[in-house]
Every structure is written in C-alpha cells, then in structure tokens.
Amino acid sequence: MQPKLQSTGEAPILTRAMAVHAWAYCPRLFYLEEVEEIRVADERVFEGRELHQRLEDEEVDDLHTFTLESESWGLKGKLDACRHRDGHWIVVEHKKGRSCKGIKTVDAWPSDRLQGAAYAVLLEEHIEQEVTEVRIRYHADHKSVCVQVDEGMKEELRQALQSMDLLRASGQRPAVTAQANRCIHCSLAPVCLPEEERKEEDEDWEPLRLFPQHHERITLHVVGHGTHLARSSEQLVVRPLEGPEEAFPVEQIEQVVIHGYAQASTQAIQLCMARDIGIHWMGSGGRYFGGSAVGSGGVQRRIRQFEALRDSAFRLNRARELVQAKLRMQLGFLLRATRKKDRHALKIDPLLLEIRLSLATLSSCRTSEEIRGNEGLAGRAYFGCLDCLLLSDLSEALRFNGRNRRPPRDPVNALLSFGYQLLYRDMVAAILSVGLEPSFGLLHTPRSAAYPLALDLMELFRVPLVDMPVVASLNRRQWDPTKHFRKIGPAVFLTEEGREQAINVLEARKAETWRHPLLGYSLSYHRLMELEVRLLEKTWMGHPGLFARWSLR
Ligand code: SF4
C-alpha cells in the first residue's frame, strides 16, 4: 500500500520527531530548541541538509522526504525516506555521522533509535499497516543498522513524549548534561555555554572552548556621501560615487551599518531582512539612529529577564559588578599606560587615588544613585588622566582637555563620541542576537531613546574597545586635525575620511583576540560582547559567578 502523504497544516501542538532525538540526546537541548525556540544552523547542520538533498537527488529509495502527523501520538515528522520490501514498508533514516560502535558490534545511537521509532509509528498509523523496522544509514562510516520497533520500543517512545510534555510545561530550563562529551558535538553549545556553567560550579574545571573565537561574518559599513548599497542576486554591492564597486556574498555579512548620507535600495534592505542581517543607520555626526531588530526573540527569555530585573536587590548587585569591572578597567589602563612614566611628575597620583577610593566604596553602596555617584567621580578622575597617556609632542589640536559631548568640541572627543556610538550599536545588536530585551536595564533608566541595557553593558567595553584604540592611534600619529576633522560652530566632527579611518581602527580592535582570565580560552572582543550578554542572562538562571568578572591585565 502506498502511504498517503499529508501536508502539515493547522494542528494542535505536535512534537517533532527531531525534537524526540534532541530530548534523548540532552533534555536541555530539547528545551532550548522547542520551548525557547533557539536554533543554530552550524556547519554540521548544513552538512546534514546537504546530505539529505543529495540523497533526494539520487532517489535510491522508494519514497522521499515527506511529512506525517499523528494527533493520537502527538507527533509530527519529516521522514527521510522509506522502502517497500516483501510487502512491508521500512523507514529509512540517513545520518551523516558515525554509528555507535561496541567492541564487536555496530549499533544505532539511543537518540537515533527513538527518533526512528517516532517515524515508524507515524508511518504505521498513516498506512494502517504494521511498521516494525527502521534502517539507519550512517554515512561517515558507511554502516547500516536495523532497529526493530516492537511494543517495548513504542512504550519507551510514549513515556519519552510524556516527559517532553512535562518539561515543556515546567518553564524550567534543565541543567546541563552530565555527559560533557555530548556538548562537543552539540550545535547549541555556543548558546547553552555548558562549559562556562561547569567552571562556575567547579573552579578546577578546565573549560573547553565551545564558544566560537571569532565572528565568522563581517559588519559591512557603508560610508560616503552618495555611496549606494544595492542588491545583485545573493550579493550586497557597495557602489561609491567614484571608484570601483565591491560585492559581498550575503552569507559573509552579519550586519550592515549605513553612515551619514549613504543610501540603501529597497531590494538590499529586503535581502538583509530575509537573511536576518541587522541593518543600522548612523548620522554623519556619528549618532546612532536605530536599526532592524534581528535575532531570536524568545518571549520566555524576556519574561525571565523582566522578572529578574524587577528585583531591586538583584539589579543593584549586577549594577555594582558592572561598575566595579568598568573602574577596574579604567584603573588598569591608566596604570599600564603610565608604567614607565613618572606618575608623580604627571600629577596623576591623586586622580588614581580617587578611582581606587571609588572602587573601594562601591561594595558599600546601597542604592543605584550611590553607585552612579561613585562611577561619576571615578570617570572625572579617569578623563583627568587621559591626556598624560598621549605623546608629549602631539599637535596641540589633538590634545585632550577633558571629556565633552553633545556636541564634541575637539578632535579627541569627536573620536571618543563616534567610538561610543559604534559601541552602543554593537551592544544593541549583541543583546538582540542573544534574545534579551534591551529596554530592561540594570543601572541606566529609560530617560532617552537609548536602550538602558545597551548603555549598561557598553560600560564593560568603553576602555578596551574605544579609549585604548583611540589613544593608541593618536600616539601612532594616525590623525590629521585638518584632514580628518571638521569644525561646525563649536562642534567638531569626523570628516568622511576620518570616519572611515575611525571605523578601521575600531573594527580592527574588535577583531583582536584576548584570553579570558577566568575561562582560560581566547576569543575576539567582538565575541566577548556577546559572551557577556549570555553570562548576564545566566545571572538570573542561577549562575551569577561569571558575569563582568574580567579585567585588563
Ligand atoms: S551544549 Fe550540552 S548541555 Fe547544552 S544543550 Fe547541548 S548537549 Fe545539552
């Protein structure tokens, strides 16, 4: 009998057969994918899709890739294939990996067996004929394993489905698996951060780096008056008014930033939206106007965030950790940059003392106003020292005489303001990509159009990602006061050339790798931004010990 193929339509909640596999592999994986709706398509996932496409093209089986549903089982699934042999239908499941090898035996992995059983009961119900066999083909070692689907197997599946329903209803993310080696092959490891949780629970644990070191895709900045961003097939093309155009395959791009009066076509914007590429607009003065919200928007994660941040004591502790980290970094940078200088002659000893005192006072602050007060005092002292870090023979126009903003009134402040706006944009993007709500913050209150959480978290990165590269580039004499800056009334802004150079300096810094002192693995600063957002989320998931714990060495 030919099975009648059934298309997926409106239906009660049915568990995907793939989710059965995920649950058997690790209940937390099931929860992250099915409840929190986090799916990561990594290399392994793409390889799996390719394999299935190839097999479909080869047509070695009798039926290919069709979807079945069963309300009685509460299941749905897309079968790879099935074969008709000796009057019986056999489910065929293709896996790109290896089989489970015993000393002299070859077997299917338990998660593959259960998934295969799910397909068998779906097919059985559909054709109204017993399906007792699943063949699992492991392509990496060219082994095939036959799995018998008997009553015992069906009962196992029934119980597993009940456990999944309970887990779904619990609203509780399960603990990381005790079988740490499973995490190495798990596509959700960069989101789940199992090694980081293990490290937090056991300080002797030596975490493996499952979190990617770099961003595989780039941020495309479109700069220049009249520069046009267009679409050409599956590419984004940057067309300046003068000079050659440049094309970028869409899969290489993570975000697009349109600066000043550069333009983007509707087709280019649509392509970005369709591919989950964030697109952002910044004014010619460097102000961040806004952008598209890309990323997983799991409502459950935002509810958890909202509930955690409604607790003022919890919020105060996180805000304290954040500001402590910022002040440690300011102090660390000043000490490192003046290591070979006579601090007494520079007259910065009292300012360094001011930062130390603010840092020490933070632990006794009882309100967010007190924390902000200390942060402000330390900030004034920090910026009071900054000019001492610049070469003594630098042009007078490039000296730093204190922080000013809105508008910046000298080139160094113009550079800092531009850098902080880029950093803010990056922080918004990181928060959205993790699936948190940038409007619920720790310390900053929603007084302006800016997102409080992005303003909070960028405090961790102002020194390493803006102040340090700006000071270093000034000392490398990369800036020309007339070529790179323009004055409009009291305000000083970067010229187009200046903006391009600033983007290069700051993006290069973001791509630099750095060894996390607690986790022991290296990653780029760009990745570190995302990691800190994820570690912040862990603070309200029972793992508060790793957020904002790093500092400059
Ligand atoms: S990384 Fe490990 S603990 Fe996390 S979902 Fe995957 S297998 Fe489970």
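Both ligands and their constituent atoms are indexed starting at 1 by order of listing.
- Residues forming a side-chain hydrogen bond (donor to acceptor under 3.5 Å, both in side chains) with Glu203 (at least two apart in sequence, or on another chain): none.
- Classification of the Tyr424-Tyr451 ring pair by plane angle, with boundaries at 30° and 60°, yields parallel.
- Relative to the ring axis of Phe314, Arg318 places its NZ or CZ within 45° and under 6.0 Å from the centre.
- Taking 2.8 Å as the limit, the number of protein N, O or S atoms around atom 6 (Fe) of ligand 1 is 1.
- Residues passing the ring-ring contact (aromatic ring centres under 6.0 Å, His included) test with Phe461, sequence neighbours excluded: Trp550.
- Remark: Glu437 engages Arg302 in a salt bridge (Lys or Arg N to Asp or Glu O under 4.0 Å) (not counting sequence neighbours).
- Using a 4.0 Å cut-off between charged nitrogen and carboxylate oxygen, Glu307 and Arg310 do not count as a salt-bridge pair.
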